[in-house]
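Per chain, numbering begins at 1; letters A, B, ... match sequence-line order.
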4 protein chains.
Amino acid sequence: MIHVTVWNEFLHEKDERIKRVYPDGIHGAIAQMLGRYEEFSIRTATLEMEEHGLTQEVLDWTDVLIWWGHVAHARVSDEVTDRVVARVLDGMGLIVLHSGHLSKPFVKLMGTVCRSKWRENDEKERIWVIEPGHPIAANLPEYIELPMEETYGERFEVPAPDELVFISWFSGGEVFRSGCCYRRGLGKVFYFRPGHEEYPTFYREDITQVLKNAVEWAKPSHGPKPTLGFCEAIEKVEDKFAGMDDALKKHEYITEAYQCGSSGQQ
Amino acid sequence: MIHVTVWNEFLHEKDERIKRVYPDGIHGAIAQMLGRYEEFSIRTATLEMEEHGLTQEVLDWTDVLIWWGHVAHARVSDEVTDRVVARVLDGMGLIVLHSGHLSKPFVKLMGTVCRSKWRENDEKERIWVIEPGHPIAANLPEYIELPMEETYGERFEVPAPDELVFISWFSGGEVFRSGCCYRRGLGKVFYFRPGHEEYPTFYREDITQVLKNAVEWAKPSHGPKPTLGFCEAIEKVEDKFAGMDDALKKHEYITEAYQCGSSGQQ
Amino acid sequence: MIHVTVWNEFLHEKDERIKRVYPDGIHGAIAQMLGRYEEFSIRTATLEMEEHGLTQEVLDWTDVLIWWGHVAHARVSDEVTDRVVARVLDGMGLIVLHSGHLSKPFVKLMGTVCRSKWRENDEKERIWVIEPGHPIAANLPEYIELPMEETYGERFEVPAPDELVFISWFSGGEVFRSGCCYRRGLGKVFYFRPGHEEYPTFYREDITQVLKNAVEWAKPSHGPKPTLGFCEAIEKVEDKFAGMDDALKKHEYITEAYQCGSSGQQ
Amino acid sequence: MIHVTVWNEFLHEKDERIKRVYPDGIHGAIAQMLGRYEEFSIRTATLEMEEHGLTQEVLDWTDVLIWWGHVAHARVSDEVTDRVVARVLDGMGLIVLHSGHLSKPFVKLMGTVCRSKWRENDEKERIWVIEPGHPIAANLPEYIELPMEETYGERFEVPAPDELVFISWFSGGEVFRSGCCYRRGLGKVFYFRPGHEEYPTFYREDITQVLKNAVEWAKPSHGPKPTLGFCEAIEKVEDKFAGMDDALKKHEYITEAYQCGSSGQQ
């Protein structure tokens, strides 16, 4: 059983026009679609809940967090941001959707600005699978065609992904690295491009298949938690300064060992 | 001509014992050693200078910034940290030495915690070249042997490097990824492990060769500055909603185009 | 159920000294240890069987092939080699053990020579987990210590692995990238360093855990089989040469479109 | 001074239609365009020359080899193929153009089949720079637009590139990883997609800038040539079997050290 929390800003859906597309919110649609898989236990959380619905308890329960945000990135508190980042570094999977590329947790984990070109122009997006042997490509066709989507274009200001699974073609002339895998700390991060609020993208079977694959890829793998900071030597190491209690002697020994002095001659 | 700024915390060297090793500071030693190459123009900066010696003007001048810090990471201001990070994303090279792995600019650029195992135990370090075809390995022997160094051990909590050039062996039983290349934004980042303040590491010819190679690798390469944010389509895109001014009609069109309704049936 | 075929050269075990370590062959030991997992269906194959035991039928059955070879790489036929390589590119996982780094299928898939330093010196090997969030590190300790093993040392002449999971420390002074993941075609390849025939390495629980993890990581993920070769355009493309049946006119059109002539002026 | 050899199959240019585009052959065009840079010393070689013009002497002279081939890959001898591959592993740079993705040296170095989708349809190709900080992107615009080119489409059956610099957009609906960097042995390999013989692509300034950048990136960097095969221990290693001349005793010692017997109990 994989514990999935679907987080959504849930503000666009107050607009009637968007509510018609996502009557239960984007999080509701994703939860409904992924909920058909018995191996997932799913909960949702939204911005305007207490602590954005992401208390320590919720995050500790969560194996994989799915994140959709757009207009209110700045309203996500630093405290919750740090909590999410810490959980990722501790092993929780994170799936960042669409405009979530500018969310605080993603930007912080990437260390870069994460901007891109964009326009809302009802263009066709064709998401090509370029790494068909990757688990996130399981049971997909060669490409997914979205009749209309918001356009994002390169340059996408992120670190080169550890694994690049999808590249999008847009009818307006752009390309985009639209399926990007990262390992950060003990956690796995997957960025997936589509999902503008005006289109029912998250009700699609093919998009749901991507999310299902990504959840399975991103789930914690329970490797060793490394001990960090000061640690004793494992092997016995010769004490080179035995009986050498004078700091100057030690200094001479070192410079001799290095075969160089502070003059830079070696 | 490559403009190099060598930044050093310059606090350990107030201690007589360390001053004996680095009478002109670690920055002074590095500047002296690299200064022998005519293609480099070198300046230095330290923590206790105004703005830590890293004004916007200095950073704008700088092609490659070398960073040594240890006990006073927290004293580096957020303002200067952000300025350094912004310059890296804008193309400046950054070479982070030894305990600089926990410096604010490096941690921010990595997006991870960057800790490791460590101990001060006068152990032997053997730095193996594992990617001998990499420019940073130019004119090096198969390995560099440091008779004594501080020990760092894996797990090193960083993103997997884009290119891994060196791996260190320590007599106490640890290994360490000691030469790590990253691309972040338009800039290049190189982490190089050795350089504890008690040893004259930076006066060595082989270590200097690494730094020289790294400066040349990390220098800006003057690619295109991408235009980001909203952008017009390059290709002419069919207006699918021509003459369709009713939002409901548009919604119907979209759900039909998607071959699915908000019920999730496709 | 994952179908695993364990392939072993099975020549060293004719020697009494080695037979004492592996009475049922190295393949027998691995099959016994992995056989305890209900999710694996296991068969074995060896060099001196008909077609080395790797008929098309066996390979078609196989999800993951484990390979141990050493003194008789040259005796593996080109036909079987090509068959194995083709199956990997078609999605079969391949786990290459120890001296299998010089086997024909691995060398062919890497495109490099794959040599390394080596000696038989009964040295201690400590295999450090450097990517504890990787599925192959699941349920492992921070490091695996092998009291005696054959030593391999860098430079290991392979392409930089797509994911580097383990680095080995040897008491003789070397390091080695000892857990290397590659994606090739639709298949996944994992190289794992230990397993010299003189030591009962493959009877260890920790080594078995690595192999179990690797089998699960390497199993086919059933992504799309790409259609390759000639393909029709998906989008309607303007015919720029409509009604232009004269080759010379077409040439003029092209050079004009390119804004350059064969003189190189643009 | 970088020594560049431009190799071309030079068969298409026997056709009048193609000869009009490349009167001096594709190799002649590339040599002419790159020849304007004083830092390059350039020679050319073609298929029908003795040893395809690639004698050991020529390859030893060559720092970077540029390769264009299409209809006669099979006519390149295995001997010359192996010679080229060996020189790459020894440090020579290799730049593979367009249909050279199916040439023997490239396929051998990749270890995969290297096919793709394709069609000749006079489509527009827009080559996006996705890694603007990479040296191969130096002095380029955000994208290069080719008014007509042969179309290649993903899936491109290659190992994930170590660095991905360009992605192409085609008007027919495909995308392609069109600038792929690989490190193989001591050498660097760059694959660059465009250059169909019917279009004067290699007379363009922007394409020439890419080739110039690639030559500089791919040139040998003169790192250490690793010693491989048997090597003595660097560190003194305890002889665990001192005075233990009986093989059985040694076996007992090993199994005890491993805390497991051949029964698999640990």
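- For chain A, the nearby parts of B:K117 are the backbone and the side chain; heavy atoms of each come within less than 4.5 Å.
- A heavy-atom distance below 4.5 Å is found between the side chains of A:R184 and B:P159.
- Comparing B:C114, B:G229, B:G185, B:S116 by how many heavy-atom pairs each has under 4.5 Å with chain A, the most go to B:G229.
- Within the 4.5 angstrom heavy-atom criterion, atoms from both the backbone and the side chain of B:T201 approach chain A.
- Across every non-hydrogen atom of B:A233 and A:N121, the tightest pair is CB-ND2, 3.9 Å.
- The closest side-chain heavy-atom distance from A:Y258 to B:P147 is below 4.5 Å.
- By number of non-hydrogen pairs under 4.5 angstrom with chain B, the leading residue of A:V113, A:D239, A:T112, A:V88 is A:T112.
- With a threshold of 4.5 angstrom between heavy atoms, A:F156 does not approach chain B through any atom at all.
- For B:M148, the parts lying under 4.5 angstrom from a heavy atom of chain A are both the backbone and the side chain.
- Contact of A:T227 with chain B is made through backbone and side chain together, with heavy-atom distances under 4.5 Å.
- No side-chain heavy atom of A:P226 sits less than 4.5 Å from a side-chain heavy atom of B:R115.
- For the pair B:I254 and A:P200, the tightest heavy-atom approach, listed with the atom from each and the gap, is CG2-CD, 3.4 Å.
- Closest approach of A:R155 and B:L228 over heavy atoms only: O-CD2, 3.2 Å.
- Contacts between B:F202 and chain A at a heavy-atom distance below 4.5 Å are absent for every atom of the residue.
- Between B:F230 and A:E120 there is no side-chain heavy-atom pair separated by less than 4.5 Å.
- Side-chain atoms of B:K240 come within 3.5 Å of backbone N or O of A:D122 as a donor-acceptor pair.
- Between chain A and the options B:E232, B:R17, B:R183, B:E157, heavy-atom pairs under 4.5 Å are most frequent for B:E232.
- A:V237 pairs with exactly one of B:E123, B:K124, B:R119 by the side-chain contact (heavy atoms from CB on, under 4.5 Å) rule, that one being B:E123.
- A heavy-atom distance below 4.5 Å is found between the side chains of A:C231 and B:E174.
- Both the backbone and the side chain of B:L109 come within contact range of chain A, with heavy atoms under 4.5 Å apart.
- Of the atoms belonging to B:S171, heavy atoms from both backbone and side chain fall under 4.5 Å from chain A.
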